K.L.:
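Following this message is one structure expressed as structure tokens.
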Amino acid sequence: MAVGAVFVLLACSFSLVSSAPTKRWTPTDPINTDLTWGNCTDFGVVDPNPNLTCGYYEVPMDYFDSTAGKARLAVVKYQATAPNKKGTLFTNPGGPGGSGIGFLSTLGAQLSADIQGQYDIVSWDPRGVGAYTFPGDLTCFSTYAEESAFWNNTVVRSINETISTKFKDPKELEEFYSRVPETNAKLEEFGKKCLASKTGPYLKYIGTTSTIRDLVSLADKIVGPGKPIDYRGYSYGTVIGFHFLTLFPNRVGHVILDGVVDPIKWGRYDLDYGALVDSEEALTIFANACAQAGAVKCLPVSMIKGKATGSDVRLLLTSTIDLALKLQRAGFAGLPLQSGELKSSLFDVLYFPGYWPTVANQQAYPVIVTILTAGRAYGFTDPYILPKDPVGLLPSNSTDLPPSSYSAQAVTGADGAVSNGVPLKKVFDDLVATTRDRTPTFGVIWSGVSTIPKWPVRSVEALPIFKRKTLSNRVLIIGNSVDPITPLRNAKYITHLLGSENAVLVEHQAVGHTTFAQYSTCTHDIVLKFLLNAQLPQQFTKCAADSNNFFPDNVTNARRDYLWRK
């Protein structure tokens, strides 16, 4: 919910240098069924691993209408290193909007080593993603300045910027609901802008079901028509995986769904609200870990008088966010981040505990100092200890930025047929209810999901209606105990839907998003036995993380968990 951006079900976001393709290509030419592997530098990858190769693969734009032309997928492969490989493992890093090329160029060597080099690992930039797949990234504005001006002073821009009353103040609540009509109009205008973009004519061909058919077409080419397909999906990639099971039950090989998004709710405007049930617990674990680590390992503790508790750290974080909003309303223009951006950033931090020391000490601490210092200058009081020599950050105020990609909205909106006719006030109602009843800290995080009722295009092929079928092989479902965006209950739910004859659940006893968050030898061994020997536990299994020391002496070791290395 790439792990990414506002509306990140992905959670995983990976850096990829990219530019527009230089080769002449047109979607009206006949489909070329070749898949020639070559150097990944042509796909924007800097210093690629020699085992990493890339290529283009062409597919029908519409699998049921040959007159629609063709799409083109940018495909990446990390080659097996074992002499007698087991096969090909397809994977999707989530999002929607996560780049398969960025994923494998960053983590391919690591992922391959974790499965003993026994598989070629193949991923791709799905439709609506990246500069090389066609149709690719959806940019609805020509410049960042145009985009910023479009959203300025709208609920879409300021939805996170609510004070700590959490809609208990009647005036705040009245003001919030008063903006429904203007938000409704703004989202309709936004949809028209996206339709008018260069990707606009192809938006109806973007969506999860088309991506599933692309996966099967790729597998037909690489492993052979009708052969079992081995697949591991993370976060939104589990939506692809789950519906693949529905559409192609006889093609199921070794399938792993890791960090489960509710696939039945997928494409509905209310998706996020159930997804946030564990976010407060994740924040509590982060705050407690910081307090227990102490001021030397977690610098924000140094600002708290007396012996700090997790509750003290939480209050420092949330009161800083509230102070930022007070400063904004007072006209202060020197904030490094707006209050809503602070709230979204804090939420993103919860995904990967391996980065908590770096985030707390190198990013959060100087931002907090900056905001508290400004607050005192404006006459706002606080009980915290500031350093004698401020170490705050100057605001960026950069306007030399590219316009945002709206790939997540394109995919989710295309899948959102069930949301047609949902009034926007219902979205506002659920934002308020979630803030009051589920997560007061993160309940108002505005998401691209909330644009679905007003998205102008639906996919030519809707998501399949789930009906339990006998799969050709059992699948492995993995859910973290405390995942801020894909809660364990989702993994339990789809395991129940599929039935014990088709699926087995492993509870990865860790905090964070997907198994990338914390390493578990137990979980790793189950995955390895499944992929190498087709062995699965017969029943529900719990696997503890190897370590819950989130602020170790050696920060490098902590960061290694994010790369899923022991």
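All residue numbers refer to positions in the sequence shown, counting from 1. Keep in mind it's a predicted model, so treat the numbers as computed, not measured.
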K.L.:
Quiz question: by atom type and distance under 3.5 Å, do the side chains of Ser197 and Thr199 form a donor-acceptor pair?
P.N.:
no

K.L.:
Go through the structure and list residues passing side chain to side chain donor-acceptor pair (under 3.5 Å) with Tyr406, not counting sequence neighbours.
P.N.:
Glu147, Trp151

K.L.:
Relative to Phe134, does Arg72 satisfy both conditions: NZ or CZ under 6.0 angstrom from the six-membered ring centre, and within 45 degrees of the ring's axis?
P.N.:
no

K.L.:
Going by atom types alone, do Asp65 and Thr67 pair a side-chain donor with an acceptor below 3.5 Å?
P.N.:
yes

K.L.:
Output, in order, the C-alpha distance, side-chain angles, deciding distance and verdict of side chain to side chain contact (heavy atoms under 4.5 Å, CB included) for Asp214 and Tyr63.
P.N.:
CA-CA 9 Å; Asp214 292 345; Tyr63 281 86; 2.7 Å; yes

K.L.:
Quick one: list whatever passes side chain to side chain donor-acceptor pair (under 3.5 Å) with Asp278, sequence neighbours left out.
P.N.:
none

K.L.:
For the residue pair Ser345 and Asp348, confirm or rule out a side-chain donor-acceptor distance under 3.5 Å.
P.N.:
no

K.L.:
State, without any angle test, whether Thr41 and Asn39 hold a side-chain donor-acceptor pair at a distance under 3.5 Å.
P.N.:
yes

K.L.:
Do NZ/NE/NH1/NH2 and the carboxylate oxygens of Arg268 and Asp262 come within less than 4.0 Å?
P.N.:
no

K.L.:
Between Asp137 and Ser405, do the side chains contain an N or O donor and an N or O acceptor separated by less than 3.5 Å?
P.N.:
yes

K.L.:
From the options Phe43, Tyr132, Trp124, select the one residue that forms a ring-ring contact (aromatic ring centres under 6.0 Å, His included) with Tyr56.
P.N.:
Phe43

K.L.:
When you check the side-chain N and O atoms of Ser217 and Tyr57, is any donor under 3.5 Å from an acceptor?
P.N.:
yes

K.L.:
Side chains of Trp25 and Glu58 only: does a donor on one sit below 3.5 Å from an acceptor on the other?
P.N.:
yes

K.L.:
Please list all pairs passing the ring pair (Phe, Tyr, Trp, His ring centres under 6.0 Å) test where one or both residues lie in residues 456-482, with sequence neighbours left out.
P.N.:
Phe242-Phe466

K.L.:
Between Phe103 and Tyr234, is the ring centre distance below 6.0 Å?
P.N.:
yes

K.L.:
Quiz question: by atom type and distance under 3.5 Å, do the side chains of Asp258 and Thr515 form a donor-acceptor pair?
P.N.:
yes

K.L.:
Using 30° and 60° as the class boundaries, would you call the ring planes of Tyr351 and Phe347 parallel, tilted or perpendicular?
P.N.:
perpendicular

K.L.:
Going through the distances and angles, do His513 and Thr486 end up as a side-chain hydrogen bond (donor to acceptor under 3.5 Å, both in side chains)?
P.N.:
CA-CA 7 Å; His513 186 44; Thr486 56; 3.3 Å; yes

K.L.:
Checking side-chain polar atoms at under 3.5 Å, does Asp125 have a donor or acceptor matched by the opposite partner on Ser99?
P.N.:
yes

K.L.:
In terms of side-chain geometry, is the basic nitrogen of Lys204 or Glu461 positioned less than 4.0 Å from the acidic oxygen of its partner?
P.N.:
no

K.L.:
Is the terminal nitrogen or CZ of Lys186 (NZ for Lys, CZ for Arg) located under 6.0 angstrom from the six-membered ring centre of Phe150 and within 45° of that ring's axis?
P.N.:
yes

K.L.:
So, Glu507 and Ser481: side-chain donor and acceptor under 3.5 Å apart, yes or no?
P.N.:
yes

K.L.:
Can you classify the ring geometry of Phe530 versus His254 as parallel (below 30°), tilted (30 to 60°) or perpendicular (above 60°)?
P.N.:
perpendicular

K.L.:
Does Glu189 pair with Lys454 as a salt bridge, N-O distance under 4.0 Å?
P.N.:
no

K.L.:
Phe352 and Phe516: aromatic ring centres closer than 6.0 Å?
P.N.:
no

